[in-house]
Amino acid sequence: MAVHLVKEVNGVPEVQLPSYLEEVDFRSLQLGCDYTNKFIQGTVSFIYPLTQLGDGTAFLKIILQEKEKFHPEINTINILFFGNLAEQCAKIVHQGDTIIVTGFVLEETSYSSEREKNCLQLKMSPNESTVYVYVKCDTVISEEPICLSVTPKYTYTPLNQLKHGSVVNVYGAVKFFKPPYRSRGTDYCSVVSIMDQSNAKLTCMLFSVNLDTLPVIYKIGDIVRFHRLKIQQYKNEIQGVTTVGFSSLTFEGTLGTPVIPRTSSKIYTFTSDDQKTVEALRVWAAHHISSSGALIKLSDVKAMQFFDLTCELVGKAEVDGSSVLLKVWDGTKPPFPSWKVLFEDGSLEGDADRINQLQNLTVDILVYDNHVALAKSLQIGSFLRIYSLHTKIQPITPKKQSNIAHLEFHLHGGTCYGRGIKVLPENNCDVEELKRFLDSVDLAEYQQLENICDLDYNISSSFSSQDFVSPCDLERCQQLSATVLTDHQYLETTPLSAILKRDAPQQYRIRAKLRNYEPQKLYQSVKLHCPKCHSLQEVPHESDLELVLQEAATEQPDPKLQNTSLYNSEVWTTQNQQERKIVIHFIKNDGILQVPEVTLIMIEGGLLSEIYQLSKKFKGVIPVKSSQEDLIVLDLAVPFLIQGKTWHYGCKQCSKLKTMQNLNSLVKEASWTPVCIAEALGIVPLQYVFVMTFTLDDGTGTLKVYLMDCEKFFQIPASEILNSDDLQKNMEMIMYMLCPPGKKIGEYPWLECFIKSYNVRNEVEQEICYRIFDTVIAEDLI
DNA sequence: GGTTAGGGTTTG
């Protein structure tokens, strides 16, 4: 006995009936014949309600109509089902369905009504009959998923073997995704990029009028299976697009979690092979796809950041036509208090008591434009993942009485970087974990601590707030400095007035405020320092670099120096009037060219914009020129190596340049670190440093101290800041906190620092200077 | 059956 569901795509059933079965049409049915290996097919024209026979056996009767109406006189037949088969068919079979039945017994109707007089009927045996119910693949026919017992064989194409124009089935790990959003057309859209063990990536444009049929992806690394994906070409790249009958399964990507598909399909195949494929992809993805690094707790957010947040919605308000306010929490305390978005009285949805109770733990998110409709539909209490949420520091304006930095949270319009909101189901493992965590937060205890925590925020008023501190919080209180000492904590604090009276060299621990600092402009504080001769120089301006490069580009590259055992060379000619020649030398690894991401290249005749473009693609770029015997470093006035966003310079005084063939020593290990490259080329690399003067004041005196720092003090690499807006904003934020403009010095935060004094002798006199060491900015501020 | 979007942050 069995009821099978057969998926029908484009009118074609996905499984074949067993070959021994033979079709009979209604007219050929004859009493007394053996129908063991025969089947009939038709459309269900009526289903009677499921009833019970006298002995309690379930009974179902349906009327089947022959599909092809060749024989109008005999085009329907009754089929009788008993027992479990009757119960199952009652659940699954609907009027209008196409069904096939086999293993029946033909008998004459026992009824004597006029209409059914002399009619035949099929009696289905609970043990020997089989019913195949055909289902159009997008039709939902049952509340419970039912697996096909006749399994169609699907083949899955590796992502590196996709052919334009084909319709394929694929598996992949999610590399990127945009949660479904309303397109400008009729459908929802979700963009999903997947990768598999072939290391190929496929970006898919998935459309559906029905939100439920799009894959239910929650995070990067989830595993998906797509059936009937059309492969087409767009802008010289292959892409996947939904086509008729598209369906998907999504699996949690985390290793070791149960392999349970997320899908709206009520019927789907899932074999042990599928299970193995998912597990293998999970292992591969764990090593090759960086998981959602953007998933961050509120306690870890930075002042200027895009990230994904998993949270609970506690309040909601329409602010104006183009934005909605969401009040959410994740149980952790943000490093800065949230801004408070204003809204009209009465427009806030949510439990007022709870919103009030959680006010210090919730953040206000403003949601704009295309996300507004979805935001409006959200239920209070639901668990959300908000993708690519943006934090900004709220400017302190004179109007605002608060002197505390606040964080703004924005979900901007558009869908870039997958920006959007997704409601997570209660049984999602991240939600379960979040719920456990939210339940464990002791709000009462938290509120007692609130005053102390305000000190964290309000470091600028820590002077007057120390009265609040209870003994148990003493340790935290002692750290209420905007800086942290990394060593020598045994040293006692020395007043600045005492330091000013003493000889050098000495080391001191001090506690003071930053009255002033120079230079005020950040870019002026970044310099290049030679660790050998200790010279300091300015970071060259782009226009100076361009001049050197332009000059060098007029020189002819030497063809004799092209294509050696170390590198392959390509000569490109620019298309402008001067027809400048650019030569790119691709350094090989053991004689073999590698993918651009790991390949070091040398460039002759390239201008700044070209070098900049190439540095995005290749592991590193070395500007070179032809000399008599070998390629050599172009000029130490320009970087000897451009790697990512860092431009590495060498010291003109200390370097003793060697030619490019010396890179041979590094090839085997492909150790293309700036230090190794510099060493091989005889270059003493210059370090990027912040050089600043702090005027410190502790009330007993003021002292000018130098800060020279690569990245320890601010925990921001000086080598990257000039090319990073985000780092620059972080740095500005730190300086803003240390020395808040428009405030009295009493409101400034304390800095605990180590300083060392040393003697500097110039032509006329000896002077004592001071320098900060072993001190870093407190993590709360970063 | 065609359209939508075609990954690569707003500027509130």
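Using a cut-off of 4.0 Å between Lys/Arg side-chain N and Asp/Glu carboxylate O, A/Glu349 and A/Lys316 are scored as salt-bridged.
Residues that satisfy the side-chain hydrogen bond (donor to acceptor under 3.5 Å, both in side chains) test with A/Thr362, not counting sequence neighbours, are absent from this structure. Residues that satisfy the side-chain hydrogen bond (donor to acceptor under 3.5 Å, both in side chains) test with A/Glu711, not counting sequence neighbours, are absent from this structure. With sequence neighbours excluded, the residues forming a side-chain contact (heavy atoms from CB on, under 4.5 Å) with A/Ser247 are A/Lys7, A/His227, A/Arg228, A/Ser265, listed by chain and number. Residues satisfying the side-chain hydrogen bond (donor to acceptor under 3.5 Å, both in side chains) criterion with A/Tyr688, sequence neighbours excluded, are absent altogether. For A/Tyr368, the side-chain hydrogen bond (donor to acceptor under 3.5 Å, both in side chains) criterion is met by A/His410, not counting sequence neighbours.
Taking atom CG of A/Leu202 as the reference point, atom C1' of B/dG6 lies 12 Å away to the nearest angstrom. At whole-Å resolution of the value, CG in A/Leu211 and C1' in B/dT4 are 15 Å apart.
Contacts of A/Gln233 with the nucleic acid, taken as non-hydrogen atoms under 4.0 Å apart, are absent. Residue A/Tyr181 is in sugar-phosphate contact alone, with no base atom involved, counting any heavy-atom pair closer than 4.0 Å across all strands shown.
Of the side-chain N and O atoms in A/Arg182, none sit less than 4.0 angstrom from OP1 or OP2 of B/dT4.
In textbook terms, a nucleotide whose glycosidic angle is within 90° of 0 is syn, and B/dG8 is one such case.
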Could you encode protein contacts along nucleotides 7-12 of chain B as a string, one character per nucleotide from 5' to 3', using B for base contact, S for sugar-phosphate-only contact and - for no contact, with a heavy-atom cut-off of under 4.0 Å? BBBB-B

